[in-house]
Protein chains: 2
Amino acid sequence: MPRMTRVTELYFDFLCPYAWRGVELAAVLKDEGEAFTLRHYSLVEGNHEGNAKELTWRVTEQPLNEGSAYQQGSLRAFLASHAAARQGEAAHWEFTLALFRAHHERKEPLTDGTIHAAAQEAGLNLDAFAQALADEATRRADLRADLDAAREVGVFGTPTFVLPTGEAAYYRFETLTREPAQAREWWTLYRTVLTSEAGIGTIKRAKNRPPHRA
Amino acid sequence: MPRMTRVTELYFDFLCPYAWRGVELAAVLKDEGEAFTLRHYSLVEGNHEGNAKELTWRVTEQPLNEGSAYQQGSLRAFLASHAAARQGEAAHWEFTLALFRAHHERKEPLTDGTIHAAAQEAGLNLDAFAQALADEATRRADLRADLDAAREVGVFGTPTFVLPTGEAAYYRFETLTREPAQAREWWTLYRTVLTSEAGIGTIKRAKNRPPHRA
């Protein structure tokens, strides 16, 4: 039986533009009273995993500096995200949105500079943020716990939502919305698919028929 | 721009239990006035193709006998399906349903015997059916035309529906229905996903959270 949770978990990777849209959608719904928890999933680690049963490459075991070109800054961003989370849930959401917007709306790379600016924009206590980041071993352990939980669910892409009832699926959509009625409609549609008696496993667009980009 | 068609095209492979459920769904909706056309897509050919741009292995170029173990009878079934289609659309649907049910409901292999029994069950003119099957080169050409059309759409799995508006997607669900209200509901849900302004590309269940099988 899937583990029951009170809130919907949202697995994301800062690298992914679809995850960005998912986080923006959840942020709108959160303001409307729906409960979401931010969780991390590493696309780079997932690509290494493939169909193997055992993990042989862990993003949490990579160096922050030399490895950064290959990881495209994702490890740095994940550790910063966990450092931001130390300042409470609201701060974590502000930081996550700020960093996603910097990277995907303004096309800034996931560097220390971009992360610092996002922390500032999110109104974090910058000293406490720096201190939490400096405790790198603990942040790596925080991240490892998220990534192991994602493996248990079988997350393979982002955004993936895990509903309180245990249903879980990747939800890829093209259009960014910050409009409550639209966000509610798209969320209801997704949940209807997951809970339909049809037992829907996949709806996936044919390769040469991409959806219209609104 | 996607090509416009008056009816919904339904791509299927007799090998696939999800395609079976899709054909049963369409058969119910057809009785309710929705228009569908049966089209073929070869999973075995698709597996050979992978991500290659050019087709190097064509199911339509394989021998019927020696190759049959590897193709699991799919070529034989496809050619029979095209032979049945020569007797009109209603006959083609009857044959397709009969062969799907023999293979997936009664677990019979896709052999000449099973195909002959399905033709009988569908009320085909058996002499005309045998004659159409004997014109193997033409049936292979019929099939090739379907498979080339599927490539143009970018079909990668079955069932895939191509809506009259050009939207196309794989629709995988676990539960068989022959109940009109339920069939209508599941079809409306699928079309809502495809036509949503969200621009939904994929909803796909996490690997360790299969949908409930009703």
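None of the values given here were measured: they were computed from a predicted structure. Chain identifiers are assigned alphabetically (A, B, ...) following the order of the sequence lines, protein sequences preceding nucleic acid strands; residue numbering begins at 1 within each chain.
Closest non-hydrogen pair, B:V153 versus A:A206, comes out as O-CB, 3.5 Å.
For A:E61 and A:R144, the salt-bridge test fails: no basic side-chain N is under 4.0 Å from an acidic carboxylate O.
Residues of residues 186-193 of chain B placed with any heavy atom under 4.5 Å of a heavy atom in chain A are listed by number as B:W186, B:L189, B:Y190, B:T192, B:V193.
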Assess whether side-chain contact (heavy atoms from CB on, under 4.5 Å) is satisfied between A:E136 and A:L64, documenting all intermediate values. CA-CA 10 Å; A:E136 197 182 310; A:L64 254 186; 3.7 Å; yes
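A salt bridge (Lys or Arg N to Asp or Glu O under 4.0 Å) with A:R184 holds for exactly one of A:E34, A:E32, A:E179; it is A:E34.
For A:H40 and A:S81, the side-chain atoms include at least one donor-acceptor pair closer than 3.5 Å. Between A:H92 and A:H82, the side chains place no donor N or O within less than 3.5 Å of an acceptor N or O (distance only, hydrogens not considered). In summary, the side chains of B:T60 and B:R140 do not present any donor paired with an acceptor at a separation below 3.5 Å, with no hydrogens or angles considered.
Interface residue A:Q182: only side-chain heavy atoms are found under 4.5 Å from chain B. Heavy atoms closer than 4.5 Å to chain A are found nowhere in B:L25, neither backbone nor side chain. For chain B, no part of A:L176 is nearby; none of its heavy atoms comes within less than 4.5 Å.
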